[in-house]
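Input: a single structure, listed below in structure tokens.
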Amino acid sequence: MVDRQDPSALRWLVGVELRNFRVRAGETSAAAARSIGCSPGKITHLETGRYFPQPDEVAGLLKFYGAPVWEADRLNSLASRSDQKTWWAPWVDVLPDGSRHTSDWKGSRNPSSSTCR
């Protein structure tokens, strides 16, 4: 099977949310990195979905950004599921190259809930 380097939809979503909170708080990636004891590069990788965010990192960043506790709980819930394989993962080898990225957006979709018309 092919080793995937692109982010899953959930990792991407958590990353976008983290970046939005950072930008709204007016903080730089360097300041965010110092707040949780990592490099600015790791913050960039978290925000792009390249790295799996750990719950303590998500909580620490959101606390630093001044986000409400319920947001930290919500993002931690998403982050804890962000490394799970999608329902179509067993068939990734037969997907044409151009459709693999498109399929990531559909990764959390349950095939039994789709409606054919």
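All heavy atoms count here, side chains included; hydrogens, waters and symmetry mates do not. These numbers come from a predicted model, not from an experiment.
One hydrophobic cluster, built from ILVMFWY side chains closer than 4.5 Å, holds both Tyr51 and Val16.
Every residue two or more places apart in sequence or in another chain that forms a salt bridge (Lys or Arg N to Asp or Glu O under 4.0 Å) with Arg22 is listed here: Glu47. Considering only residues two or more places apart in sequence or on other chains, Glu27 meets the side-chain hydrogen bond (donor to acceptor under 3.5 Å, both in side chains) condition with none of them.
Between the side chain of Thr48 and the main chain of Thr44, a donor-acceptor pair closer than 3.5 Å is present. Under the 3.5 Å distance criterion, the side-chain polar atoms of Arg50 are left unmatched by any main-chain donor or acceptor of His45.
Taking every heavy atom of both residues into account, Pro40 and Ala30 meet most closely at CG-CA, 3.9 Å. Closest approach of Ala72 and Val58 over heavy atoms only: O-CG1, 4.5 Å.
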Working for side-chain contact (heavy atoms from CB on, under 4.5 Å), residues Leu61 and Ile43: CA-CA 9 Å; Leu61 288 170; Ile43 297 297; 3.8 Å; yes
Trace of the side-chain contact (heavy atoms from CB on, under 4.5 Å) decision for Arg24 with Tyr65: CA-CA 8 Å; Arg24 281 195 299 260; Tyr65 302 150; over 6 Å; no
Leu75 and Leu78: CA distance, side-chain angles, deciding distance, side-chain contact (heavy atoms from CB on, under 4.5 Å) verdict: CA-CA 5 Å; Leu75 283 184; Leu78 290 174; 4.1 Å; yes
Worked verdict on Leu62 versus Phe21 for side-chain contact (heavy atoms from CB on, under 4.5 Å): CA-CA 7 Å; Leu62 291 178; Phe21 277 109; 3.5 Å; yes
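Around atom CZ of Arg74, more than 12 heavy atoms belonging to other residues, nucleotides or ligands sit under 6.0 Å away.
The distance from the CG atom of Leu18 to the CD atom of Glu71 is 10.5 Å, given to the nearest 0.5 Å. The structure places OG of Ser29 at 14.0 Å from NZ of Lys42, a figure rounded to the nearest 0.5 Å.
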